[in-house]
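Note sheet for the following structure.
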Amino acid sequence: MSDAAADFLSGLTEPQRQAVEHIDGPLLILAAAGSGKTRVVTRRVAHLVSVGVPAWSILGLTFTNKAAGEMRERIGSLLAGDPRMMRGLTVTTFHSLCARLLRRYADEAGLKPDFTIYDMSDQSALMKRVIGQLDMNTGNWQPRSVLGAISNAKNELKDAAAFAAEAGDYYSKKIAVVYTAYEKALRAANAVDFDDLLVLTAKMLREKTGVLAECHARWKYLMIDEYQDTNHAQFVIASMLAGEGEVLPGLEDASSGPNICVVGDPDQAIYGWRGADISNILDFEERYSGAKVIKLGENFRSTGPILGAADGLIKHNALRKDKPLFTTSEGGEPVDVVLCRDEEHEAGLVVDRFRRERDDDGLAWKDMAVLYRTNALSRALEDAFRKEGVPYVIARGTAFYEREEIKNAVAYLRVVANSADGVSLRRIVNTPTRGLGKASLDRIESWAMGRGLTMMDGLRAAKEVPDLTARAVNASGRFVSLVDGLTGGGSFMGVDAPGSLADLVLRVIKESGLEAAYEKQAKTSKSETDEERLENLSELVSSAASFEAEYEPESDPAAFPGADVLEGGGSAPTPHLLSLLRAYLESIALVADADAVDPAQGAVTLMTLHAAKGLEFPSVAVVGLEEMLLPHARAFDNEASLEEERRLFFVGMTRAMRSLLVTSTRYRTVRGRLERTIPSRFLEELPIEHIRLSDQSHDDGFDDDPDPDAVRAGSSGRGWGRSSYDAAASMRSMGAGGSAGVPAGIEPGARVRHPQFGTGRIVEVWGGRSARAKIDFDEVGVKTLVLEYARLRTV
DNA sequence: AGAGGCAATTTTTTT
DNA sequence: AATTGCCTCT
């Protein structure tokens, strides 16, 4: 063994070393939270390469782009001696890989290579039309729930025909009809949804032996992270790629099984709701009878109390094989569990604690994270962080692309890349308004559909469409030439339009009139949001520019580089603008919220518990430990989902290295309504010896320092959570604090402060039970607010 | 055609 | 609170 190979083994525990050294045959790594999984996986890859396995024959699959990027980076630094050894290494997400394979083998998959990937809002838009066209009532058949049913079917690899064949009851039969029509509409739009990426790839790998053979020729070593969260479709894809089909009964043994290495932890399975099947990991040993199983149990991340508390919690999962969590590290503060008055109090508490930890314990903002069950909980936290001037970042990778103006610009790009994309076309055909109203568009559409043409074809042939006004024909013509101009003369395919991707994006923004429309609005209404929109649009141009700068066509897993690239030498061809555009749109479609986590930002990270999986922070706060929230109301009906909620909390707790705060509030504003809450049952499951309870929900005001007596007060018994609570007293104290309820002195002429709108003067007050006030705010103008919910304070 | 206003509604998590 | 959809007014 070379010295380099030996390096990858230094400082490892025995089981870690075994995992790193494993080369051929199936391997299951059961990696408990904080057990050094990433370290092991990256070193194993580096080790494989160092013993002569070509990097291009290794395929690593993760769930988020960020995880993939990190893994690639860490492998890169392990192999820093020779960057060329990384050549052709593929580490990517399931969805990315599938998208690339489907483009490369579009024919075999029954697609066209320029297909669009529809996100959830595209899917809803399409589904609404489909349901409407079937003359079904969107009230009775909600796009969301229908899509949910279809998604479940797809995850089990049931296509519309199979679904229809099984459908017995009226409801299922109806869904089957919608499913069929929805699929037809997707294909007509030359589009696939998220599930299709997996489904169509699985189908292709099963049915097209030629494709599978090429994949086998390329990838000899398969590695899958977070295996406990794979669904059936992903399981099939993994099995096919691993060469499972080649293992004949009776021939499998320890050395001849496929080179598939899966890594996961059943205690961190949190995606059951989207079809993840925990039995994939539980049955791995059975499926690959020669599989080597390595358990990484020792935790290197958290202090004893944090780990003890998390262990005590997860033990309450009855459907779980008991597995001790242990650490050799000593000391550590107990887990703080604090009962707060409301979300404002809770957020203030978190900010105070973080500030203290930064000032006294030498932590940096980037070392801290707040985790919550639902995105809605971020608001109160944001307000507090902003108010206190503490830098924070919300992990919502998709947020930018969900903005109106960005969606509009991206829709133009999508139509440029795929003119059949009806959902995007409909979005932009009259945005900004160009005189093509609903009536004209309906006429054009029915004309086109009657002929089996796309909407774009209809626009192109507007002159022939009956009953169109001259104005509509004219507008159609202008729209068509706009798009043709952007595609470089209507024959983008095969012809490289001049300019870069960023230029194209810029042209879209200008030539579409989007920029002008927002500029006009910004001038007339003087609102800041339109200024912001313009800034966002130019940020989109920058993002396109940096995508272009970083894009490496040869790193495309479906590029299947020829010998010249794999063996070195040969320069990569200049990417065609259209393929660049496709790749860019694909990267936009496949961003994950977790991708936005960037510790380099020097800010506290706010994110959902789901997004936190795989990360670690010296200091963590998990907020909102209340019944209906964590566990979530939706999880009450069955034990399995309740246990998933518990795992979710477990995942949150085990992100913490040194400091963990868990909070619950007595009252929480839900959809604008102040509601009484019940502390989460999970709090009572935390072992008392590892936690420090503190009921601060009765405290008045906004004390910065926790009351040391209050800390002791809660620890006497375990009944503090559920019933012994004086709601009236709490309401009184809140009134005094002025943070909720209707403060006195709300009358015309009075000056008040609103948490969002700032200060203003009351113009008018009326109404009895749900009294409202008209308030003239200094910054944002006149607004009418319901006093009960407005959180006004007199100034 | 299209903007703006009002009423109803709100199933968490995400690739 | 905030978003979405429906409806009216210009």
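Order of the sequence lines fixes the chain letters, A, B, ..., with proteins taken first and strands second; residue numbering starts at 1 for each chain. All values derive from a computational prediction rather than experimental measurement.
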>> Given the ring of A/Tyr667, does A/Arg341 sit roughly above its face, with NZ or CZ under 6.0 Å from the centre of the six-membered ring and within 45° of the axis?
In response: no
>> What I want to check is whether the side chains of A/Ser151 and A/Asp195 have a donor and an acceptor closer together than 3.5 Å.
In response: yes
>> Run the salt bridge (charged side-chain N to carboxylate O under 4.0 Å, His left out) test on A/Asp442 and A/Lys438 for me, step by step, so that the C-alpha distance in whole Å, both residues' side-chain angles and the decisive distance to 0.1 Å come before the verdict.
In response: CA-CA 6 Å; A/Asp442 283 348; A/Lys438 193 179 177 301; 2.8 Å; yes
>> Looking at A/Lys203, I want to see if its NZ is surrounded by more than 12 non-hydrogen atoms of other residues, nucleotides or ligands under 6.0 Å.
In response: no
Sub-3.5 Å pairs of nitrogen or oxygen atoms, protein against nucleotides 2-4 of chain B:
from: B/dG2; atom 1: OP1; to: A/Gly435; atom 2: N; distance (Å): 2.9
from: B/dG2; atom 1: OP2; to: A/Asn430; atom 2: ND2; distance (Å): 2.7

> Could you walk me through whether A/Glu402 and A/Lys407 pass the salt bridge (charged side-chain N to carboxylate O under 4.0 Å, His left out) check?
Replying inline: CA-CA 6 Å; A/Glu402 279 165 9; A/Lys407 283 187 136 184; over 6 Å; no
>> Could you check whether any side-chain heavy atom of A/Arg129 comes within less than 4.5 Å of a side-chain heavy atom of A/Arg426, counting everything from C-beta outward?
In response: yes
> Would you call the rings of A/His610 and A/Tyr271 parallel, tilted or perpendicular if under 30° counts as parallel and over 60° as perpendicular?
Replying inline: tilted
>> Using a 4.0 Å heavy-atom cut-off, does A/Lys613 contact any base of the nucleic acid, only the sugar-phosphate backbone, or nothing at all?
In response: nothing
> Below 4.0 angstrom, N of the basic side chain to O of the carboxylate: do A/Asp229 and A/Arg274 qualify?
Replying inline: no
> Where along nucleotides 9-15 of chain B does protein come under 4.0 Å, by heavy atom, of base (B) or sugar-phosphate alone (S), with - for untouched nucleotides?
Replying inline: -BBBBBB
